[in-house]
Amino acid sequence: MYKKGFDAEKYIEEQSRYILERIAQGNAERLYLEFGGKLVHDKHAMRVLPGFDENAKIKLLQKMKDQAEIIICIYSGDITTNKTRHDFGITYDLEVMRLIDTFRKYDLPINSVVVTRYQDSPAVNMFINKLERRGIKTYKHFFTKGYPTDVDTIVSEEGYGANPFVEVRKPLVVVTGPGGGSGKLATCLSQLYHEYVQGRKARYAKFETFPVWNLGLKHPVNMAYEAATVDLADVNMIDSFHLDAYGETAVNYNRDIEVFPVIKRIIEKITGEESEYKSPTDMGVNRIAFCITDEEACKEASLQEIIRRYLIAECDYKKGRISSDQMERAQLIMKEVGCDVEDRAVVEVAREYAEGKKEEDEKYLNCVGMALELSDGTMITGRSSRRMVAAAACILNAIKKMAGLGDEMLIITPQVLETTQKLKVDTLQYDRTSLNCEEVLMALAISSTVNPSAAMALNKLPLLKGCRAHCTAILSDRDEQTLAALGIDATCDPEYVTTNLYSN
């Protein structure tokens, strides 16, 4: 839909080659590679680097599967607080299970799951029991005594020694997690400690997709990373250690730069040698910038992502998920790059459409509108009704347009909609009568068995992947998930459909 700016095939080749080179360096038996960001379904990278394969990172690991095994980390606090991965609408504990299934699909060996900073709570213990009873080896790692200042205690039996050693066999151990703060670094260093105690040499490296070290500090791709991590308060900075050591400017983020002196001292204490790394950038293996083919396309895509992140932050604030400081930070980033929400074309179209309907007739006073931009730039709109939500109406209008069907043509048999609503309200006792996106698409699928026009429209659904959309009210969790499954990049205004607290 949008101009390509990244070579995904070159990236897989370049990145896998560089990781293999890092494994081969030195005389260590094993490399622990901390894998930051999303190893699969990296939709953020796909949005800011048009042409990026959202599964590129797992595909490059697949190329090295004979040499690699995977450890998945999850912070126990994220289990107890039900921390959610927003792009899929699932909690981190469920994301761990989804990751395991995905790795297995790519024939990548899962070593184990490590619950970091373990807390003895019912939710955490239930999670561990679920995994172990399904044959997944699970380890408990504890808060590291002495961290971050007392290196002598950290690198001792009281510190890393208090954690059990995760038994590994392959030369490359990928340590990943469902999101930031999962305890990947601590797990890598704990493993490093045990390797040396057992008389084996091992090394550590880091794979973070963003920020991109050899793009500018204020480059939109890097600014989009800040917008994506307002909840973590990540800030891009010049790597002063790299500048001092090599006289070269490199970009990293605050947490890596702040913790580098500690990591360097810990590694030196573990190995008994001077660290091979002179800067946090040295630790990285990121080759993203070398595969950008159209920088202007990536800049534009990144600006759109920054706007998108602000709109999401507004809704998250309304839902009570983030603080006002975090929302204001997202707005500040958007203003810093010179953007406004109206620069996302579908926003103004959706708002004007809904407002126009309200002015047209009093019966539309509570109308919710949605706009969707097709690949050719055509704007499609849809509104809420007693039959269906605005998102469902907009999708139907979009696929009818792509199928060359008239706007007034009914592609879902009215009796199917009526029967579905009756089931939903009378039998299943739902409060809201309007059908959501998933229910409407199911009705369309049923209608397609007897209606050729419905079948034509249904076949156009895959073409919605990559389209942008905006709704004038907060989408339900179910609709968010359905739109995400269709590959639609949807945002919404921070307004609820009704004043009801529970059904919203």
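Atoms considered below: every heavy atom in the structure, side chains included; atoms not considered: hydrogens, waters and symmetry mates. Being a predicted model, the structure only gives us computed values, none of them experimental.
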K.L.:
Does Glu342 offer a backbone N or O that forms a donor-acceptor pair with the side chain of Glu348 under 3.5 Å?
P.N.:
no
K.L.:
To the nearest 0.5 Å, tell me how far Asn397 CG sits from Met402 CE.
P.N.:
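Interatomic distance, Asn397 CG to Met402 CE, rounded to 0.5 Å: 11.0 Å.
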K.L.:
If only atom types and distance count, is the side chain of Asn254 paired as donor or acceptor with the main-chain N or O of Val235 below 3.5 Å?
P.N.:
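Yes, the answer is positive, given that a donor and an acceptor are paired below the 3.5 Å cut-off.
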K.L.:
I'd like to know if the side chain of Gln421 and the backbone of Glu418 have a donor-acceptor N/O pair within less than 3.5 Å.
P.N.:
no
K.L.:
Start with the C-alpha distance between Lys83 and Glu95, add both sets of side-chain angles, then the distance that settles salt bridge (Lys or Arg N to Asp or Glu O under 4.0 Å), and finish with yes or no.
P.N.:
CA-CA 10 Å; Lys83 189 171 182 180; Glu95 172 64 0; over 6 Å; no
K.L.:
Using a 3.5 Å distance criterion without hydrogens, assess whether the side chain of Asp78 forms a donor-acceptor pair with backbone atoms of Tyr92.
P.N.:
no
K.L.:
If you apply the rule side chain to side chain contact (heavy atoms under 4.5 Å, CB included), what do you find for Leu396 with Met388, and how did you get there?
P.N.:
CA-CA 11 Å; Leu396 289 183; Met388 64 186 72; 3.8 Å; yes
K.L.:
Can you check side chain to side chain contact (heavy atoms under 4.5 Å, CB included) on Tyr106 and Lys59, steps first, answer last?
P.N.:
CA-CA 8 Å; Tyr106 283 88; Lys59 287 177 180 177; 4.2 Å; yes
K.L.:
CD of Glu9: more than 12 outside heavy atoms within 6.0 angstrom?
P.N.:
no
K.L.:
Is the side chain of Asp489 donor-acceptor paired with the backbone N or O of Cys467 at a distance under 3.5 Å, no angle test?
P.N.:
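Answer holds: no.
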K.L.:
Is it true that, when you exclude Met442 itself, more than 12 heavy atoms of the residues, nucleotides or ligands shown sit nearer than 6.0 Å to its CE?
P.N.:
no
K.L.:
I'd like to know if the side chain of Asn436 and the backbone of Glu439 have a donor-acceptor N/O pair within less than 3.5 Å.
P.N.:
yes
K.L.:
My understanding is that only one of Leu372, Thr491, Val341 makes a side-chain contact (heavy atoms from CB on, under 4.5 Å) with His470; could you say which?
P.N.:
Thr491
K.L.:
For Cys437 and Asp479, which heavy atoms make the closest approach, and how far apart are they?
P.N.:
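Smallest interatomic distance, heavy atoms only, reads N-OD1, 2.9 Å.
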K.L.:
For the backbone of Lys184 and the side chain of Ser182, can you confirm whether one donor and one acceptor N or O come within less than 3.5 Å of each other?
P.N.:
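No; zero donor-acceptor contacts below 3.5 Å.
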K.L.:
Looking at side-chain heavy atoms only, is the closest gap between Asn111 and Val173 below 4.5 Å?
P.N.:
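Result no, sub-4.5 Å side-chain heavy-atom pair not found.
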K.L.:
Taking Val212's backbone N and O only, do any of them form a donor-acceptor pair with Asn286's side chain (distance below 3.5 Å, no angle check)?
P.N.:
no
K.L.:
Whether the side chain of Lys357 engages the backbone of Cys367 through a donor-acceptor N/O pair (distance < 3.5 Å, no angle test) should be reported.
P.N.:
no
K.L.:
Considering non-hydrogen atoms only, spot the tightest contact between Cys394 and Ala371 and give its length.
P.N.:
SG-C, 4.1 Å
K.L.:
Could you give me the CA-CA distance, side-chain angles and deciding distance for Val285 and Gln15, then say whether side chain to side chain contact (heavy atoms under 4.5 Å, CB included) is met?
P.N.:
CA-CA 8 Å; Val285 294; Gln15 190 66 73; 4.0 Å; yes
K.L.:
Going by atom types alone, do Asp325 and Ser323 pair a side-chain donor with an acceptor below 3.5 Å?
P.N.:
no
K.L.:
What are the two closest non-hydrogen atoms of Thr187 and Cys73, and how far apart are they?
P.N.:
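Nearest pair, atom of Thr187 first, then Cys73: OG1-SG, 3.3 Å.
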K.L.:
Do side-chain atoms of Ser76 reach the backbone of Val115 as a donor and acceptor pair under 3.5 angstrom?
P.N.:
no
K.L.:
Once rounded to the nearest 0.5 Å, what's the spacing between atom CG of Leu461 and atom CD1 of Ile488?
P.N.:
8.0 Å
K.L.:
Salt-bridge test for Arg309 and Glu305: reply yes if a basic N is under 4.0 Å from a carboxylate O, no otherwise.
P.N.:
yes
K.L.:
Between Ile395 and Leu483, is the side chain to side chain contact (heavy atoms under 4.5 Å, CB included) condition met? List the steps.
P.N.:
CA-CA 9 Å; Ile395 288 172; Leu483 292 171; 3.6 Å; yes
K.L.:
First locate atom CZ of Phe127, then atom OG1 of Thr91, and finally report the distance between them rounded to the nearest 0.5 Å.
P.N.:
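Nearest 0.5 Å value for the CZ-OG1 distance: 9.0 Å.
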K.L.:
Are any of the side-chain nitrogens in Lys10 or Glu13 under 4.0 Å away from the carboxylate oxygens of its partner?
P.N.:
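Salt bridge absent between Lys10 and Glu13.
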K.L.:
Which heavy-atom pair separates Val48 from Ala224 by the least distance, and what is that distance?
P.N.:
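Here Val48 and Ala224 meet closest at CG1-CB, 3.8 Å.
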K.L.:
Are any of the side-chain nitrogens in Glu336 or Lys218 under 4.0 Å away from the carboxylate oxygens of its partner?
P.N.:
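Here Glu336 pairs with Lys218 in a salt bridge, since their nearest N and O are under 4.0 Å apart.
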K.L.:
Does the side chain of Ile307 come within less than 4.5 Å of Val347's, by heavy atoms?
P.N.:
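A side-chain contact is absent here, since even the closest heavy-atom pair is not under 4.5 Å.
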K.L.:
Kindly assign one of parallel, tilted or perpendicular to the pair His44 and Phe210, based on the angle between their ring planes and the thresholds 30° and 60°.
P.N.:
perpendicular
K.L.:
Please report the interatomic distance OG(Ser476) to CD(Gln481), rounded to the nearest 0.5 Å.
P.N.:
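Here the rounded value is 8.0 Å.
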K.L.:
With rounding to the nearest 0.5 Å, note down the distance linking CG in Asn366 to CZ in Arg383.
P.N.:
12.5 Å
K.L.:
Salt-bridged, Asp256 to Lys206, with N to O below 4.0 Å?
P.N.:
yes
K.L.:
Using a strict cut-off of less than 4.0 Å between a Lys/Arg side-chain nitrogen and an Asp/Glu carboxylate oxygen, indicate whether Asp234 and Arg255 qualify as a salt bridge.
P.N.:
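Counted as a salt bridge, because a side-chain N and a carboxylate O are separated by less than 4.0 Å.
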K.L.:
Taking atom CG of Leu131 and atom OG1 of Thr138, what is their separation to the nearest 0.5 Å?
P.N.:
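Answer rounded to 0.5 Å: 4.5 Å.
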K.L.:
Once the angle between the rings of Phe142 and Tyr118 is folded into 0 to 90°, is it parallel (under 30°), tilted (30 to 60°) or perpendicular (over 60°)?
P.N.:
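Aromatic pair Phe142/Tyr118 classed perpendicular.
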K.L.:
Kindly give the heavy-atom pair with the smallest separation between Pro211 and Tyr253, and that separation in Å.
P.N.:
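Shortest heavy-atom contact: CD-CD2, 3.7 Å.
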K.L.:
When you check the gap from the basic side-chain N to the acidic O, do Arg344 and Glu373 get nearer than 4.0 Å?
P.N.:
no
K.L.:
Please name the pair of heavy atoms, one in Ala473 and one in Val497, separated by the smallest distance, quoted to 0.1 Å.
P.N.:
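It is CB-CG2, 3.9 Å.
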K.L.:
Taking NZ, NE, NH1 and NH2 as the nitrogens, is one of them in Lys319 or Glu480 under 4.0 Å from a carboxylate oxygen of the other?
P.N.:
yes
